[in-house]
Every structure is written in structure tokens, then in C-alpha cells.
Amino acid sequence: MEAVRRTVIENCAIATVDAKDTEYASGHLVLAGHRIESLGAGRAPEDLENVVRRIDATGHLATPGLVNTHHHFYQWITRGLATDHNLFDWLVALYPTWARIDEPMVHAAAQGSLAMMARGGVTTAMDHHYVFPRGSGDLSGAVIRAARDMGVRFTLARGSMDRGEKDGGLPPDFAVETLDDALAATEETVREHHDTSRDAMTRIAVAPCSPFSVSTELMRQGAELARGLGIRLHTHGSETLEEETFCHQLFGMGPTDYFESTGWLGEDVWMAHCVHMNDSDIAAFARTGTGVAHCPSSNARLAAGIARVPDLLAAGVPVGLGVDGTASNESGELHTELRNALLVNRLGPHREAALTARQALRLGTHGGARVLGRAAEIGSLEPGKLADLVLWRMDTLAHASIADPVAALVLGAAAPVTASFVNGRQIVEEGRLRTADEDGIARATRAQARRLAALAAQG
């Protein structure tokens with residue numbers, strides 16, 4: 001039996017984000033294969049066997065890898081459009097373009113989305129893909145292939161829409177699926193790609209898009225399908241005031257009550273946004289363990305409002321961070337969401353007491369892992385957990401004068417990523433991907449964006 005190969009990282013500050021928020025001003029980590037074997041203060045033991053690499057991480061902060069809990073990869077090739085719209089107007093403006101995507105476009109867009117996140121410290125990504133135009137190819141397979149090649153841990157939330165314009169929905173009729181087709185395709189994706197192992201690199205969730213693009217029957221049967229297969233559920237919820245009005249008009253109740261009536265609250269569910277929630281909504285999420293993907297930049301870009309994150313956390317609701325689609329957050333970087341989550345929430349009623357820098361880091365790491373149902377495996381630096389971690393360089397002009405490295409990471413400029421590991425494999429070195437050609441991806445995404453724009457212009 002081959003001896004386990006060890007990587008030793010030394011002389012760095014460490015924020016473990018464990019249950020006690022343990023931190024070390026100068027410490028070490030030992031990676032054994034794809035797991036964290038040990039960590040602690042000072043240097044690593046000198047008598048470790050089969051050490052294949054030692055990293056002197058002086059001037060760095062080690063944290064768990066960032067976990068993204070909400071995204072729409074395909075939007076990478078429609079960035080910079082409809083820049084002054086609210087959510088509903090933005091959707092109406094962009095759906096006719098999105099309805100023309102195909103497999104080459106989606107693959108290129110997934111590469112762009114993943115590359116931008118990975119080089120910025122994301123080690124676990126997710127994509128909520130819900131647009132499946134007829135004849136567009138294997139879109140789920142294209143996204144999964146891109147994540148596999150990038151080396152990022154990944155959850156595909158296989159989305160769906162069956163409420164087109166003729167049924168009072170927002171998407172064009174040719175961009176939606178039938179109820180039966182959506183359920184069958186989702187089940188096929190799960191059976192083909194979902195990995196139940198503890199160190200899984202690919203998992204699938206059932207993810208009808210939203211109350212205003214999905215029938216009640218698809219919501220109900222989608223929940224039944226997910227629970228029958230033993231996988232998680234994801235959708236958009238309570239994003240705007242317009243959605244609240246829509247739900248009352250169509251269903252005679254608000255979004256949270258509607259979700260509960262269709263089986264969409266529970267420990268196996270997480271929802272994106274959750275901006276407009278009253279006290280009873282928050283209590284329902286807390287009572288059922290339903291998670292939230294907080295997307296501060298997108299919420300601001302679409303003028304949706306400020307989510308009640310401090311109140312959600314105080315109630316015990318699981319909360320992680322999301323980039324959201326890059327047609328509503330053009331930067332596509334999760335590490336900027338640490339800062340934006342803290343700053344935006346301090347504009348709310350809790351003001352300076354809304355979030356601390358360490359709470360923001362927890363949202364982007366352990367909180368995201370909890371939302372995705374993977375907190376036992378990732379999201380904190382602890383012996384036995386999977387070796388997903390990031391080394392942030394903190395001794396450059398941008399951060400060197402800030403004594404607290406966590407405050408520097410969250411409140412300062414975007415910190416350079418010297419190294420990012422997923423499953424013990426280094427995928428980023430000195431801010432560049434080791435697993436993909438960034439310049440080639442840029443050329444491919446530009447070409448596919450132009451191709452999509454030309455098709456949309458033809459009507």
C-alpha cells in the first residue's frame with residue numbers, strides 16, 4: 001500500500017472557522033492526501049514521514065476555501081446588459097436572449113464563471129441552471145464537465161421552468177419545459193452525475209426556478225422527487241416586493257407560506273436571496289432548518305433590498321453567500337461578497353452591530369458548507385476534513401499595515417490568492433489557475449457572447 005503523501009504549510013496566520021473560531025497568529029497545517037491531518041500553533045513536527053512538499057507561508061492567512069451557494073453560470077456571456085432595471089424588468093429584458101443559449105455557449109460561460117471564482121478563493125461552487133431551450137444540447141453535462149476540468153468541488157442545482165408567458169410567467173414559451181420533461185430530465189441528471197461519497201466532487205440538487213416561472217405542481221413533484229432520491233432542494237425565494245405581490249395574487253399567500261404548502265421548507269432546502277421576510281417567515285425558516293443564500297451585490301444591483309441577515313443568524317437560520325448570476329453581479333467573485341455582506345448589512349437597522357468581519361468570513365465558508373449540506377466535510381480547517389483551503393497573501397501594500405488578518409481580508413482590498421487547494425490538489429498558484437488557460441477562456445467567452453448577441457438580434 002502506497003504511503004500517504006503529505007504537504008506541510010507553515011508560518012501563516014490561520015483562521016479555522018471551527019465551532020470556537022480558533023485562530024493562530026503563526027501556525028501550520030499538514031495535508032495528508034485529500035484530507036487535513038493536523039494543524040496548530042508554531043511549526044509542524046519535524047519527524048513527519050513522506051513529506052513531498054513544504055510551503056513557507058510567511059505573510060499569509062490560511063482560511064477554509066470559500067463556498068458559493070448561488071450562481072447562474074450561463075449569464076457570464078450576458079454581462080453588462082439591462083444595467084438599470086429592477087428584477088422583473090431585468091428578466092423580461094434578458095429572457096429572450098437567454099432562451100437562445102446552447103451547449104457551446106453554456107460550456108464557455110461555465111468556464112468563465114468557475115475560473116473567476118476559483119482564482120479568487122472559491123473551492124466549492126454551485127450553479128443553478130434552469131434555462132433549457134429545445135434542441136440546445138446537453139447543458140447540464142457541459143456545466144459539470146467545466147467544473148470537473150477546473151478541479152473545483154461542485155453542486156449543480158438542476159433547475160427548470162414550466163410556466164411560460166402563455167401561463168402568466170415571465171420566460172418565453174419556447175424556453176420552458178413541460179412538467180413531465182422537467183422532472184424526467186432532472187431525475188436523469190441525478191442518476192448520471194450525483195456522487196454520494198463523503199469526498200464527492202459533484203453533487204446534484206433539484207431546483208425549480210421560482211414561483212413566477214414554475215407551476216405549483218412542479219414545485220410539489222420536484223420536492224417529492226428530491227426526497228425520494230435523497231438529495232437537496234434549491235430555488236429563489238422572497239427576492240423582491242413584486243414577488244410578494246405576485247404570490248398573493250396568484251396563490252393567495254406570501255412566498256414563505258406558499259413554499260411551506262408545496263413541501264419546500266426543511267433542512268434539505270436552501271433558497272436564494274430571502275430579502276423580504278417578516279418575523280414569521282424567519283421563524284418558519286428557523287423552525288424547519290431551511291437555508292439561505294445571501295447575495296448582497298446582486299440584491300443591490302437589482303435594487304431588491306437588504307436581506308435581514310443579522311436576524312436570520314440570530315434565529316439560527318443557516319446562511320451562506322452567493323455570487324448570483326453575473327448578469328446581476330458582473331464581477332463574478334465571491335471574496336468581494338465577504339466585504340459587501342458586511343457593509344450592506346450595516347446600512348440596515350442593526351447598523352454597526354449587524355455583522356463582524358469574522359461573521360462575514362463564516363458566511364462565506366462554514367455557512368456555505370452548512371447550506372449545501374456539507375459542513376461535516378468542508379467549510380472549516382479541522383483534522384479529518386477535506387483539504388479545501390486558501391492561502392491569502394497579506395503582506396503586500398494593500399494589507400500589510402492591518403494587524404488583524406481577518407479584518408484585512410474582509411474589509412480590505414481583494415487579497416491575492418497565492419495558493420488554493422481542493423481535495424488536497426493545488427488549483428491556483430500566485431493568483432493564476434493551474435488547471436485551465438485563463439486567456440483561452442477569455443477568448444472563448446468573448447466569442448460565445450458575440451455569437452449569442454447576434455442570434456438574439458436576429459429575433
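Worth knowing before you read on, the calculation uses all heavy atoms, side chains too, and leaves out hydrogens, waters and symmetry mates.
- Side-chain N or O atoms of N423 include none that pairs as donor or acceptor with a backbone N or O of R425 at under 3.5 Å.
- Checked by atom type, the side-chain pair H70/H236 shows a donor-acceptor distance below 3.5 Å.
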Quiz item: Run the side-chain contact (heavy atoms from CB on, under 4.5 Å) check on V410 and L342 step by step: do they pass?
Solution: CA-CA 8 Å; V410 173; L342 186 151; 4.1 Å; yes
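- Under the side-chain hydrogen bond (donor to acceptor under 3.5 Å, both in side chains) criterion, D102 pairs with R451, sequence neighbours left out.
- When atom types are taken as modelled, the side chain of T189 and the backbone of A185 share a donor-acceptor pair closer than 3.5 angstrom.
- Under the 4.5 Å side-chain criterion, counting only non-hydrogen atoms from C-beta, F154 is not in contact with R148.
- Residue pairs meeting the side chain to side chain donor-acceptor pair (under 3.5 Å) criterion with at least one member in residues 88-98, sequence neighbours excluded, are T78-W98.
- Using modelled atom types, one side-chain atom of T262 and one backbone atom of F259 make a donor-acceptor pair closer than 3.5 Å.
- The shortest non-hydrogen separation linking A108 to T445 is O-CG2, 3.2 Å.
- Note that OG of S210 is 11.5 Å distant from CE of M271, once rounded to the nearest 0.5 Å.
- Judged purely by atom type and a 3.5 angstrom limit, E103 has no side-chain atom pairing as donor or acceptor with the backbone of S136.
- Taking E239 as the reference, H273 meet the side-chain hydrogen bond (donor to acceptor under 3.5 Å, both in side chains) condition, with sequence neighbours excluded.
- Proximity of a side-chain donor or acceptor of T435 to a complementary backbone N or O of M150 within less than 3.5 Å is detected.
- The two atoms that bring S160 and V214 nearest to each other are O-CG2, 3.4 Å, heavy atoms only.
- No cation-pi contact links R158 to Y130, judged by a cut-off of 6.0 Å to the six-membered ring centre and 45° from its axis.
- Among residues at least two apart or in separate chains, ring pair (Phe, Tyr, Trp, His ring centres under 6.0 Å) pairs with a member in residues 202-231 are F88-F212.
- Annotation: the span from L66 atom CG to L321 atom CG amounts to 8.5 Å, rounded to 0.5 Å.
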Quiz item: Passes side-chain contact (heavy atoms from CB on, under 4.5 Å), V190 versus I231? Steps please.
Solution: CA-CA 9 Å; V190 174; I231 63 174; 3.4 Å; yes
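- Applying the side chain to side chain donor-acceptor pair (under 3.5 Å) test to pairs two or more places apart or on separate chains, those with a residue in residues 162-172 are D162-S215.
- Inter-residue side-chain proximity for V371 and V292 is flagged as unmet; no heavy-atom pair is nearer than 4.5 Å.
- Defined by atom type and a distance below 3.5 Å, a donor-acceptor pair is missing between the side-chain atoms of H60 and D395.
- Contacts of H71 classified as ring-ring contact (aromatic ring centres under 6.0 Å, His included), with partners at least two apart in sequence or in another chain: F73.
- For the residue pair A293 and T69, the shortest heavy atom distance occurs at CB-OG1, 3.1 Å.
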Practice problem: Just do the side-chain contact (heavy atoms from CB on, under 4.5 Å) check on W264 and L233 with the steps written out, would you? | Solution: CA-CA 8 Å; W264 272 80; L233 301 84; 3.5 Å; yes
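- At least one side-chain heavy atom of V131 sits less than 4.5 Å from a side-chain heavy atom of M161.
- In this structure, F132 and H129 have perpendicular ring planes: the angle between them is above 60°, well past the 30° mark.
- Residue pairs that meet the salt bridge (Lys or Arg N to Asp or Glu O under 4.0 Å) test with at least one member in residues 268-292, sequence neighbours left out, are R227-D268, E260-R287, D279-R308.
- The shortest distance between side-chain heavy atoms of L156 and S140 falls below 4.5 Å.
- Heavy atoms only, all atoms of each residue included: H335 and A415 are closest at CD2-N, 4.4 Å.
- A donor-acceptor distance shorter than 3.5 angstrom exists from the side chain of T326 to the backbone of W76, with no hydrogens or angles considered.
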Self-check item: Stepwise salt bridge (charged side-chain N to carboxylate O under 4.0 Å, His left out) check, D195 with R203
Solution: CA-CA 5 Å; D195 184 352; R203 288 192 175 167; over 6 Å; no
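- For residues 343-369, the pairs satisfying salt bridge (Lys or Arg N to Asp or Glu O under 4.0 Å) are D21-R362, E23-R358, R358-D404, with sequence neighbours left out.
- Residues L61 and P405 approach most closely at CD2-O, 3.7 Å, considering heavy atoms.
- Residues E244 and H248 bring a donor and an acceptor atom of their side chains to less than 3.5 Å of each other.
- The side chain to side chain donor-acceptor pair (under 3.5 Å) pairs that include a residue from residues 179-188 are T178-D181, E187-R191, where partners are two or more places apart or lie in different chains.
- A salt bridge links R301 with E330; the closest basic N to acidic carboxylate O contact falls under 4.0 Å.
- Atom-to-atom distance recorded for I282:CD1 and D311:CG is 5.0 Å, nearest 0.5 angstrom.
- The backbone N or O of V319 lies less than 3.5 Å from no partner atom in the side chain of H294, so there is not a single donor-acceptor pair.
- Closest heavy-atom contact between A223 and G263: CB-O, 4.0 Å.
- Between N329 and the options E337, H72, R79, Q75, a side-chain hydrogen bond (donor to acceptor under 3.5 Å, both in side chains) holds for only E337.
- Annotation: R450, atom CZ; neighbour count of heavy atoms from other residues, nucleotides and ligands within 6.0 Å does not exceed 12.
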Exercise. Any chance you could lay out the side-chain contact (heavy atoms from CB on, under 4.5 Å) test for E242 and N86, step after step, and finish with the verdict?
Key: CA-CA 10 Å; E242 290 85 357; N86 65 29; 3.8 Å; yes
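- Between I441 and E438 there is no side-chain heavy-atom pair separated by less than 4.5 Å.
- Contact check for I378 versus R153: side-chain heavy atoms found under the 4.5 Å cut-off.
- Remark: side-chain polar atoms of H85 are not paired, donor with acceptor, to backbone N or O of V92 under 3.5 angstrom.
- With rounding to the nearest 0.5 angstrom, the OG1 atom of T155 is 9.0 Å from the CZ atom of R232.
- With a 4.5 Å cut-off on side-chain heavy atoms, L409 and M394 count as touching.
- S297 and N340 are linked by a side-chain donor-acceptor pair at a separation below 3.5 angstrom, with hydrogens and angles left out of the test.
- Each salt bridge (Lys or Arg N to Asp or Glu O under 4.0 Å) pair with one or both residues in residues 127-136, not counting sequence neighbours, would appear here, but there are none.
- Here R339 pairs with L343 under the side chain to side chain contact (heavy atoms under 4.5 Å, CB included) rule; sequence neighbours left out.
- At a cut-off of 3.5 Å, with distance as the only test, no side-chain donor of T290 or W270 sits close to an acceptor on the other residue.
- Looking at L389 and T123, their side chains never come closer than 4.5 Å, going by heavy atoms from C-beta outward.
- For N345 (side chain) and L355 (main-chain N/O), no donor-acceptor pair under 3.5 Å exists by modelled atom type.
- Listed by first and then second residue, the ring pair (Phe, Tyr, Trp, His ring centres under 6.0 Å) pairs involving residues 168-194 amount to none (not counting sequence neighbours).
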